[in-house]
Amino acid sequence: MKDVILCECFARDGLQHEPDFLPTQTKRALIEKFAKIGFSRVEATSYSNPAVIPQFADASELLAGLPREEGVYYKATCANVRAVERALIDLDAGYGANEISLLVSASESHSLRNLKRSREDQWRNIEQMANAAQGRFRLIGTISVAFGCPFEGRIDEASVLRDVAKFAERGVRFVTLGDTTGVATPQSVRSLFGQVLSEFPDISPIAHFHDTRATGLVNYVAALEAGVRYYDCAFGGVGGHPAKVKYGGGHTGNVSTEDWVNLLESMGVRTGIDLDGLLSVAAECEQALGRELHSRVVRSGLNPLLA
């Protein structure tokens with residue numbers, strides 16, 4: 001039984017920030033272990049242009065050799081129709097992702113900087129991608145900088161809610177709200193997620209926060225109190241924006257998986273994650289990247305009061 005559904009993002013959002021290519025077999029082995037210790041959603045790769053993000057040049061090769069756990073969704077990020085077409089080719093070959101994400105920025109400036117498109121153009125792009133998917137994937141809509149933009153500042157909640165509605169109109173039933181540079185507060189988290197849950201009962205909201213200002217965990221607890229059940233996280237708190245996109249300063253990574261699981265289980269919230277395997281896999285992630293990662297629990301151990 002699970003009270004929350006966690007998506008492990010180490011292999012995609014975590015690695016997009018890494019300057020060195022991680023061998024395909026290393027990625028594949030880690031993704032396999034993520035699924036085996038209880039993650040029912042795993043962000044596996046991205047169908048990115050290899051010239052832009054070389055880390056995912058092996059997307060099809062990785063998926064082709066990846067053993068699948070029953071009941072696990074393996075997500076691939078898609079930036080355009082061509083990426084969706086690649087995902088369909090792999091799916092027809094018997095090894096594609098079964099979940100793809102569609103991304104929009106909540107601000108015009110971030111959209112132009114990060115996606116190289118205006119928001120209007122990006123919504124047309126999303127429409128084309130959703131149609132191209134042919135209903136063969138679970139679609140995840142993602143709204144970046146939903147709580148604040150590094151270029152424009154505050155984001156109007158009403159604008160974010162209109163974006164959620166646009167995803168719903170396109171048949172998307174899971175919508176991620178991203179705190180891309182760690183500017184959310186517990187109050188803004190409870191407010192925005194509360195409105196999404198109230199106004200869109202058919203939408204399952206997902207929290208995807210970066211721990212830029214060490215507020216990731218407290219904001220996730222606020223989301224939990226608001227009724228959110230789906231969360232993204234990454235072992236070691238790795239990740240953030242692509243290496244060539246410089247904004248947000250300092251630590252840009254995701255909420256640390258180990259720390260979030262430890263806190264949830266300490267609160268009596270069931271994650272379904274094998275705690276014995278959690279720290280072992282975390283150590284393998286550190287070994288894969290060759291450095292100490294941003295995780296308190298790896299250093300201190302799990303809460304000794306956990307039953």
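Because the structure is predicted, anything quoted here is derived from the model rather than measured.
- Under a cutoff of 6.0 Å and an axis angle of 45°, Lys27 and Phe21 form a cation-pi pair.
- One N or O on the side chain of Asp179 and one on the backbone of Val183 form a donor-acceptor pair closer than 3.5 Å.
- Without hydrogens or angle criteria, Asn125 side chain to Asp121 main chain gives no donor-acceptor distance under 3.5 Å.
- Trp260 and Ile206 are not part of a single hydrophobic cluster, where members link through side-chain heavy atoms under 4.5 Å apart.
- Under a 3.5 Å cut-off, the side chain of Glu258 and the backbone N or O of Gly236 do form a donor-acceptor pair.
- In this structure, the side chains of Val164 and Arg162 stay at 4.5 Å or more apart for every pair of heavy atoms.
- Transitive grouping of hydrophobic side chains (ILVMFWY, heavy atoms separated by less than 4.5 Å) keeps Ile89 and Leu139 in distinct clusters.
- Atom CG of Leu192 is separated from atom CD1 of Ile143 by 8.0 Å, given to the nearest 0.5 angstrom.
- How far CG of Leu279 is from OG1 of Thr257: 11.5 Å, rounded to the nearest 0.5 Å.
- Annotation: the span from Asp259 atom CG to His294 atom NE2 amounts to 7.5 Å, rounded to 0.5 Å.
- Checking side-chain atoms of Arg173 against main-chain N and O of Ala168 turns up a donor-acceptor pair under 3.5 Å.
- Using a 4.5 Å heavy-atom cutoff, the side chains of Phe147 and Arg154 are not in contact.
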Audit row: Ser101, Lys75, side chain to side chain contact (heavy atoms under 4.5 Å, CB included) steps and yes/no
CA-CA 7 Å; Ser101 61; Lys75 184 172 77 166; 4.0 Å; yes
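- Contact record, Ala106 with Asp163: CA-OD2, 4.2 Å, taken as the closest heavy-atom pair.
- Although no hydrogens or angles enter the test, the distance criterion places a donor-acceptor pair under 3.5 Å between the side chain of Arg213 and the main chain of Thr181.
- Under a hydrophobic clustering in which Ile, Leu, Val, Met, Phe, Trp and Tyr are joined whenever their side-chain heavy atoms come within less than 4.5 Å, directly or via other members, Leu293 and Leu217 fall into the same cluster.
- Minimum interatomic distance between Ile5 and Ser40 (heavy atoms only, all atoms of both residues): CG2-OG, 3.4 Å.
- In this structure, Phe193 and Phe209 have tilted ring planes: the angle between them lies in the 30° to 60° band.
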Please lay out, stage by stage, how Leu103 and Ser144 fare under the test side chain to side chain contact (heavy atoms under 4.5 Å, CB included).
CA-CA 7 Å; Leu103 176 67; Ser144 295; 3.0 Å; yes
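- Note that CG of Leu278 is 6.0 Å distant from CG of Leu302, once rounded to the nearest 0.5 Å.
- Annotation: cation-pi pair Arg113/Phe151 absent, no NZ/CZ under 6.0 Å from the ring centroid and within 45° of its normal.
- Distance check: Glu8 CD to Asn254 CG gives 8.5 Å after rounding to the nearest 0.5 Å.
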Please walk me through it: do Arg12 and Thr77 pass side chain to side chain donor-acceptor pair (under 3.5 Å)?
CA-CA 8 Å; Arg12 205 288 301 175; Thr77 299; 3.2 Å; yes
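- Side chain of Ser48 to main chain of Ile53: no donor-acceptor pair is present (N/O by atom type, distance under 3.5 Å, no hydrogens or angles).
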Report the C-alpha separation of Thr180 and Thr212 in whole Å, then their side-chain angles, then the decisive distance to 0.1 Å, and conclude whether the side chain to side chain contact (heavy atoms under 4.5 Å, CB included) test is met.
CA-CA 8 Å; Thr180 310; Thr212 314; over 6 Å; no
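- Here the closest heavy-atom approach between residue Val196 and residue Pro205 is recorded as CG1-CB, 4.1 Å.
- The aromatic rings of Phe34 and Phe235 lie parallel to each other, their planes meeting at an angle below 30°, with 60° marking the opposite boundary.
- Residues Val172 and Tyr74 are members of one and the same hydrophobic cluster, defined by side-chain heavy-atom contacts under 4.5 angstrom among Ile, Leu, Val, Met, Phe, Trp and Tyr.
- Proximity of a side-chain donor or acceptor of Asn80 to a complementary backbone N or O of Ala83 within less than 3.5 Å is detected.
- Salt bridge absent: Glu32 and Arg28 never bring a charged side-chain N and a carboxylate O closer than 4.0 Å.
- No side-chain heavy atom of Asp3 sits under 4.5 Å from any side-chain heavy atom of Thr271.
- Interatomic distance, Asn49 CG to Phe56 CZ, rounded to the nearest 0.5 Å: 13.0 Å.
- When side chains are defined from C-beta on, Val297 does not count as touching Ser256, because their heavy atoms never get closer than 4.5 Å.
- Closest approach of Gly239 to His17, counting heavy atoms only: O-CD2, 3.7 Å.
- Using a 3.5 Å distance cut-off with no hydrogens or angles, the side chains of Gln16 and Ser46 do not pair a donor with an acceptor.
- Side-chain contact check for Val72 versus Val42: some heavy-atom pair is nearer than 4.5 Å.
- A donor atom on one side chain and an acceptor atom on the other are found under 3.5 Å apart for Asp90 and Tyr47.
- Leu63 and Ala97 get closest at one heavy-atom pair: CD1-N, 4.1 Å.
- Heavy-atom contacts from other residues, nucleotides or ligands closer than 6.0 Å to NZ of Lys166 number more than 12.
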Go through the steps to decide whether Phe39 and Tyr73 satisfy the test side chain to side chain contact (heavy atoms under 4.5 Å, CB included), and finish with yes or no.
CA-CA 9 Å; Phe39 288 94; Tyr73 281 91; over 6 Å; no
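- Judged purely by distance below 3.5 Å, without hydrogens or angles, the side chains of Ser188 and Thr185 pair a donor atom with an acceptor atom.
- Ion pairing between a basic and an acidic side chain is recognised when a charged N comes within 4.0 Å of a carboxylate O; Glu286 and Arg299 show such pairing.
- Ser266 has its side chain within reach of Leu306: a pair of non-hydrogen atoms, C-beta onward, lies under 4.5 Å apart.
- Side chains of Ser105 and Gln122: a donor-acceptor N/O pair is absent below 3.5 angstrom, by distance only.
- Formation of a donor-acceptor pair under 3.5 Å by the Arg229 side chain with backbone atoms of Gly227 is not found in this model.
- Side-chain atoms of Asp13 do not come within 3.5 Å of backbone N or O of Cys9 as any donor-acceptor pair.
- Between Asp92 and Arg136 a salt bridge is recorded (basic side-chain N to carboxylate O distance below 4.0 Å).
- Using a 4.0 Å cut-off between a side-chain N of Lys or Arg and a carboxylate O of Asp or Glu, Arg291 and Glu18 qualify as a salt bridge.
- Scanning all heavy atoms of the two residues, the minimum distance from Ser118 to Glu108 falls at CB-OE2, 3.0 Å.
- For Tyr231 and Tyr220, the gap between ring centers is short of 6.0 Å.
- The pair Arg41-Asp232 meets the salt-bridge criterion, with a side-chain N (NZ, NE, NH1 or NH2) lying under 4.0 Å from an Asp/Glu carboxylate O.
- A donor-acceptor pair under 3.5 Å is absent between the side-chain atoms of Ser191 and the main chain of Gln187, judged by distance alone.
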